[in-house]
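Below: the structure, in structure tokens.
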Amino acid sequence: MNLHNNVQLIAGPCSAESRQQLLSTAEQIKDVGLDYFRAGIWKPRTRPNDFEGVGAKGLDWLVEVREKFGFRVGTEVASTKHVEEAIRAEIDMLWIGTRTTANPFLVEEISQALKGAKIPIMIKNPINPDLKLWIGAFERFKGNNINDLHAIHRGFSVYEKIKYRNLPNWQLAIDFKMQMPQTPLYCDPSHIAGKREYILEISQKALDLRFDGLVIETHCNPEKALTDAAQQLTPQQLKEVLGKLVFRRRIDANEEELNEYREQIDIIDCNLVEILGKRMKISEKIGDYKKRNDLTIFQSVRWDELLQKNIDLAQKENLSENFASQLFKLIHQESINIQEKILSEKIDEKNKS
Ligand code: PEP
Ligand code: MN
């Protein structure tokens with residue numbers, strides 16, 4: 001079972017706290033179209049002495065949830081011992097937490113403990129924005145012949161105060177998608193948000209970026225939760241969020257009107273590239289002139305004028321100041337690179353003679 005347009009849904013509390021809490025949460029979300037029920041049994045905490053999970057006895061509660069409500073159930077593993085206990089309890093899905101993904105020793109250990117297993121594994125992004133490290137974790141699992149792999153984007157830790165608990169860095173998630181197109185990518189809006197009021201907007205953004213599923217922390221009594229209290233939804237709030245989300249079509253069906261626009265865009269892009277090529281040829285001539293006349297490359301008065309003039313022009317075309325400024329900074333930087341190359345040729349020639 002899944003949500004509209006094949007979007008997958010995983011929900012359940014951050015941590016399993018008691019048998020009663022798991023059963024009550026599961027009971028209240030049994031009809032929302034869940035693909036997996038989640039709960040952390042072993043909790044990685046930033047500081048010692050916080051609640052570190054109920055341990056292996058929570059596995060029995062998860063199994064009871066599966067038996068009572070027919071959900072597949074999943075939990076986080078971070079060591080060989082966790083893997084052995086979870087496999088023994090026949091848990092249906094395991095996820096690798098963000099702090100574990102950042103540690104290649106642990107990822108290797110866990111993937112070896114799971115060698116050849118058919119169980120689905122969901123790998124959260126590492127806590128630091130390092131795409132190679134994330135993809136490296138997938139490579140380690142594949143190297144141990146574990147191939148039912150999924151990714152969870154849960155944002156990245158930053159020191160600065162930001163709106164959300166973790167920086168989404170959507171571009172990194174898009175880059176992941178481009179490099180790993182066969183791997184289903186889920187979004188965990190709960191850990192990005194840190195506060196329940198942001199879950200809807202982050203989930204909608206993920207759906208619009210064509211994520212394959214959502215992982216939303218849900219607790220029968222979030223106010224009293226032992227972990228991540230501020231970000232967990234009540235079952236009722238989960239239903240409200242799901243009711244408000246817009247599930248747009250995920251794949252275009254070679255549609256006539258859309259194709260026409262795309263043809264127009266292709267022609268314009270072709271012209272844009274040609275024009276940029278012409279502009280850079282003139283940069284070469286300017287580099288040549290500066291070389292002959294012993295002039296520095298960067299001329300601040302000219303650059304200020306050029307940037308301002310083009311931002312004004314862009315705004316008349318309804319382009320944003322930020323876009324125009326970023327675009328012209330990029331063009332200007334490339335022009336500087338070209339001129340630097342020409343001027344350094346002069347140094348090389350001087351050194352030769
Ligand atoms: C969790 O899913 O409860 C969890 C601990 O997440 P993360 O590893 O993303 O912090
Ligand atoms: Mn959590």
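Counting starts at 1 for both ligands and their atoms, following the listed order.
In summary, the side chains of Q171 and D175 do present a donor paired with an acceptor at a separation below 3.5 Å, with no hydrogens or angles considered. When only modelled atom types and interatomic distance are considered, R165 and Q231 share a side-chain donor-acceptor pair under 3.5 Å.
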Only distances under 3.5 Å count here; give the side-chain donor-acceptor pairs of residues 266-286 to other protein atoms, sequence neighbours excluded, each with its distance to 0.1 Å.
from, atom 1, to, atom 2, distance (Å)
S283, OG, R279, O, 3.4
S283, OG, S335, OG, 2.9

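Between T234 and Q237, the closest side-chain pair of non-hydrogen atoms falls below 4.5 Å. Looking only at side-chain heavy atoms (C-beta outward), I10 and L214 stay at 4.5 Å or farther from each other.
Any N or O atom pair closer than 3.5 Å counts here, and R154 shares at least one such pair with ligand 1. Residue R99 has at least one N or O atom closer than 3.5 Å to an N or O atom of ligand 1. Checked against a 3.5 angstrom limit, the closest N/O atoms of K43 and ligand 1 fall inside it.
With respect to atom 6 (O) of ligand 1, the closest heavy atom belonging to the protein is K124 NZ, 2.8 Å. Atom 4 (C) of ligand 1 has its closest protein heavy atom at H191 NE2, 3.5 Å. Among all non-hydrogen protein atoms, the one lying nearest atom 8 (O) of ligand 1 is T98 N, 2.9 Å.
The G97 neighbourhood of ligand 1 comprises atoms 8 (O), with distances under 4.0 Å to a heavy atom of that residue.
Put simply, the angle at the Mn ion (ligand 2) from NE2 in H191 to OD2 in D228 is close to 90°, to the nearest 10°.
Note on ring orientation: taking the six-membered ring where Trp is involved, the planes of Y164 and Y198 are perpendicular (angle over 60°, cut-offs 30° and 60°).
Distances shorter than 4.0 angstrom occur between a heavy atom of C14 and an atom of ligand 1.
Distances from the Mn ion (ligand 2) to each N, O or S atom of E217 single out OE2 as the nearest.
A cation-pi geometry, defined here as NZ or CZ lying under 6.0 Å from the six-membered ring centre and within 45° of its normal, does not hold between R66 and F71.
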